[in-house]
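Being a predicted model, the structure only gives us computed values, none of them experimental.
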Amino acid sequence: MTYVPGSSVRNIIQAAMRLDDSCSNEELGSIFTQNDSRTAIGRVSTKIALKNKAAACRMITNGTSSANHIAVMALAAPGTKTILSRDVHLSVAVGAMLARAKVNWIYPLYDEDLGVLLPVRPLDVALALRSNPDVRLVAVNGVTYDGLAPSTPAIAALCDAHAAVLMMDEAHGSHFRGLHALGFPQPSITLGAKIVTQSPHKTMNALSQASLILLADTELCGPIDRFMNLLCSTSSSVLLMQSLEFAMADHDRHGHSEWSTAVDSAQSAAEQLRRIDGVRVLDRRDVVPHAAEAIDPSRLTINVRGLGITGFEVAGLLYKDGIVVEKATFDCILVLFPPRERRISDRLVAALENMDRYRKKRLAPMPYVQSSNDVAMSMHEAFFCANRETVRLSHAVGRISAEMLTAYPPGQLIVAPGEVFSSDLVALLSSVVAKGGILKGFNKGSIANVAVVK
């Protein structure tokens, strides 16, 4: 979404308020009549599906988190086995929890040298399906936060062989359509995924919370519509749905040229950053094809470990220079190069060159923080447990978590309800926060306190 400074913001908001109308009529339709081509909303939904080479589309006006809830709950009945990649967005896990599904986790590999979490491998999915042949749903990321795409065709073939539905969260990949020649990954819906959720408000010009569910099979429309009726507001915004139509049209007209500029800017920055001692920029050759199928060339994952300061510290220093990074970890920062932004490249390079004055002894890699996978209760049982208490994190070893603890961004689950806090996990969580990391889900917003089952 493009930021418009000054008083123009007020004028835009006032115009939007006059245009928005939550009332539906037979000609206009509503968010619940997207299968009806007699309505304007139904025709827009069909048009978006065709543009994305999907069998059907559902526009969502309360964000991709809601889209993920709907998609998971549509397929994961109580007791149904599901396979979820541990790096999926929190909302995917929440959908499984609310459905009381039985979750089997896949843990993607973490490349300690690069400082990034890699996409799920077909091997990971094959092993999980072999252990759980009666799985109904497999949910993984269509692209990671760092822009790494998995081998979707191979994963889709494995799911098809087990009659499992492959759902992919492609929140950060709605712009991939038509950009493969520029080096972008191909859209998951064209590679065999059956359900794909997207956030055109993140990487296209749709308004905030305007999201999509793309379906490869019209037979999935019934279950999806059932849970849309349950979870979507009856006062859904027509303005948000119309912004999706405009975003698609704008991408058709200008997407290739504008994203080409973004890629050129990112590549220019990468070439200059690689000359800085202690800085390493994630390169396509680092991961393709052995660890990822493709990488989004408009995103730069920059490992700053060699500077002797953490990614959290670098992000804070860059912010003082007016540069906002998308994500920071102990080792890395992630910088996005959006269309129409030409100035960020030189400013980023200059700022990182000036980091030399903060240089310290090279840091050792920090282990990736993840659960011990010691599960004592189901997520639903632990989260909704009335018999809970708050304890200091240092006293949580051996206790059962009653909350979802996440790192945000990217919103990945670190500890799920029902999992047991190990001593190693508690030590790592404490260390991450001490070094500037941001974690969500802790009681009263403090890392010192966590909710556990009594």
(request) Using modelled atom types only, decide if a donor and an acceptor are shared between the side chain of Arg399 and the backbone of Val453 within a distance under 3.5 Å. (result) yes
(request) State, yes or no, whether a side-chain contact exists between Ser91 and His69 at a heavy-atom distance under 4.5 Å. (result) yes
(message) Measuring only between side-chain heavy atoms, which start at C-beta, is Val138 closer than 4.5 Å to His162?
(response) no
All N/O donor-acceptor pairs, side-chain side in residues 315-324, below 3.5 Å, sequence neighbours left out:
none

(message) How about CZ on Arg388, more than 12 heavy atoms from neighbouring residues, nucleotides or ligands closer than 6.0 Å, or not?
(response) yes
(message) Does any part of the side chain of Thr197, heavy atoms only, come nearer than 4.5 Å to the side chain of Met167, both counted from C-beta?
(response) yes
(message) Looking at Phe176, is its backbone amide N or carbonyl O close enough to the side chain of His180 to form a donor-acceptor pair, meaning the two atoms are under 3.5 Å apart?
(response) no
(message) I need the minimum non-hydrogen distance between Ser174 and Pro200, along with the two atoms involved.
(response) OG-CA, 3.4 Å
(request) Return yes if some donor-acceptor pair links the side-chain N/O of Thr33 with the main-chain N/O of Ser30 below 3.5 Å, else return no. (result) yes
(request) Apply the side chain to side chain contact (heavy atoms under 4.5 Å, CB included) test between Ile155 and each candidate in Pro119, Ser188, Pro150; give the one that qualifies. (result) Pro150
(request) Heavy atoms only: give me the nearest Met228-Ile31 pair and the separation to one decimal. (result) CE-O, 3.7 Å
(message) Side chains of Tyr358 and Leu307, heavy atoms from C-beta outward: is any pair under 4.5 Å?
(response) no
(request) Calculate, to the nearest 0.5 Å, the distance between atoms CZ and CG belonging to Phe337 and Asp296 respectively. (result) 11.5 Å
(message) Can you tell me how far apart CE (Met248) and CZ (Arg177) are? Round to the nearest 0.5 Å.
(response) 6.0 Å
(request) With rounding to the nearest 0.5 Å, note down the distance linking CG in Leu84 to CG in Asn141. (result) 10.5 Å
(message) Please check: side-chain N/O of Ser243 versus main-chain N/O of Leu240, any donor-acceptor pairing under 3.5 Å?
(response) yes
(message) Applying the side-chain hydrogen bond (donor to acceptor under 3.5 Å, both in side chains) criterion to Tyr145, which one of Glu326, Lys327, His89 satisfies it?
(response) Glu326
(message) With heavy-atom distances below 4.5 Å as the criterion, would you say the side chains of Ser233 and Thr61 are in contact?
(response) no
(message) With a 3.5 Å distance limit and no angle check, can you tell me whether Thr64 reaches the backbone of Gln198 through a side-chain donor-acceptor pair?
(response) yes
(request) Mind listing the closest non-hydrogen atom pair of Val325 and Val335 along with its distance? (result) CG1-CG2, 4.2 Å
(message) Looking at Ile414, is its backbone amide N or carbonyl O close enough to the side chain of Arg86 to form a donor-acceptor pair, meaning the two atoms are under 3.5 Å apart?
(response) yes
(request) State whether the side chain of Ser401 and the backbone N or O of Glu403 hold a donor-acceptor pair below 3.5 Å, judged by distance alone. (result) yes
(request) Could you tell me whether the side chain of Asp111 and the main chain of Leu114 form a donor-acceptor pair under 3.5 Å? (result) yes
(message) Salt bridge check, Asp134 against Lys102: does any charged N sit closer than 4.0 Å to a carboxylate O?
(response) no
(request) Locate the shortest heavy-atom distance separating Arg274 from Leu282; write the atom from each residue and the value. (result) NH2-O, 4.0 Å
(message) Is it the case that over 12 heavy atoms from other parts of the model lie below 6.0 angstrom from the CZ atom of Arg359?
(response) yes
(message) Would you say Asn449 and Thr390 are linked by a side-chain donor-acceptor pair, where the criterion is simply a distance under 3.5 Å?
(response) no
(request) Decide side chain to side chain contact (heavy atoms under 4.5 Å, CB included) for Leu215 and Ile195; before the verdict, give the C-alpha distance in whole Å, the side-chain angles of both, and the deciding distance to 0.1 Å. (result) CA-CA 5 Å; Leu215 303 173; Ile195 302 177; 3.8 Å; yes
(request) Over all heavy atoms of both residues, which pair between Ala76 and Ala101 is shortest? Give the atoms and the distance, please. (result) CB-CB, 3.7 Å
(message) side chain to side chain contact (heavy atoms under 4.5 Å, CB included) for Arg305 and Arg280? Distances and angles first, verdict last.
(response) CA-CA 8 Å; Arg305 188 192 305 145; Arg280 178 177 182 176; over 6 Å; no
(message) I'd like to know if the side chain of Asp286 reaches the main chain of Asp283, judged simply by a donor and an acceptor atom lying under 3.5 Å from each other, with no hydrogens or angles considered.
(response) yes
(request) Output yes when a side-chain donor or acceptor of Ser45 lies under 3.5 Å from a complementary backbone atom of Ile41, and no otherwise. (result) no
(message) To the nearest 0.5 Å, what is the distance between OG1 on Thr144 and CD1 on Ile295?
(response) 7.5 Å
(message) Just by distance, no angles: are the side chains of Asp87 and Ser85 close enough, under 3.5 Å, to form a donor-acceptor pair?
(response) yes
(message) As an exercise, state the distance from CG of Leu273 to CG of Asn303, rounded to the nearest 0.5 Å.
(response) 12.0 Å
(request) Find out whether Arg299 and Asp146 are in side-chain contact, i.e. whether some heavy atom of one side chain is under 4.5 Å from a heavy atom of the other. (result) no
(request) Identify the heavy atoms of Gly311 and Ala328 that sit nearest to each other, and give their distance. (result) O-CB, 3.7 Å
(request) Taking atom CZ of Arg347 as the centre, report whether more than 12 heavy atoms of other residues, nucleotides or ligands fall under 6.0 Å from it. (result) yes
(message) Which residues pass the ring-ring contact (aromatic ring centres under 6.0 Å, His included) test with Phe184, not counting sequence neighbours?
(response) His175, Trp259
(message) side chain to side chain contact (heavy atoms under 4.5 Å, CB included), that's the test. Do Glu419 and Val375 meet it? Break it down for me.
(response) CA-CA 4 Å; Glu419 293 180 342; Val375 179; 4.1 Å; yes
(request) Please identify each residue that fulfils salt bridge (charged side-chain N to carboxylate O under 4.0 Å, His left out) with Arg130, with sequence neighbours left out. (result) none
(message) One pair to check against side chain to side chain contact (heavy atoms under 4.5 Å, CB included): Ser236 and Met241. What are the steps and the verdict?
(response) CA-CA 9 Å; Ser236 53; Met241 287 185 276; 4.1 Å; yes
(request) Indicate yes or no: does Glu219 engage Lys194 in a salt bridge with an N to O separation below 4.0 Å. (result) no
(message) Rounded at 0.5 Å granularity, tell me how far SG in Cys159 sits from CG in Leu137.
(response) 8.5 Å
(message) Just so I know, are the side chains of Gln34 and Asp225 near enough to count as touching, which here means a heavy-atom distance under 4.5 Å?
(response) no
(request) Could you verify whether a donor N or O on one side chain and an acceptor N or O on the other, from Asn68 and Asp169, lie under 3.5 Å apart? (result) yes
(request) Evaluate the side-chain proximity of Val304 to Met355: yes if any heavy-atom separation is below 4.5 Å, no if none is. (result) no
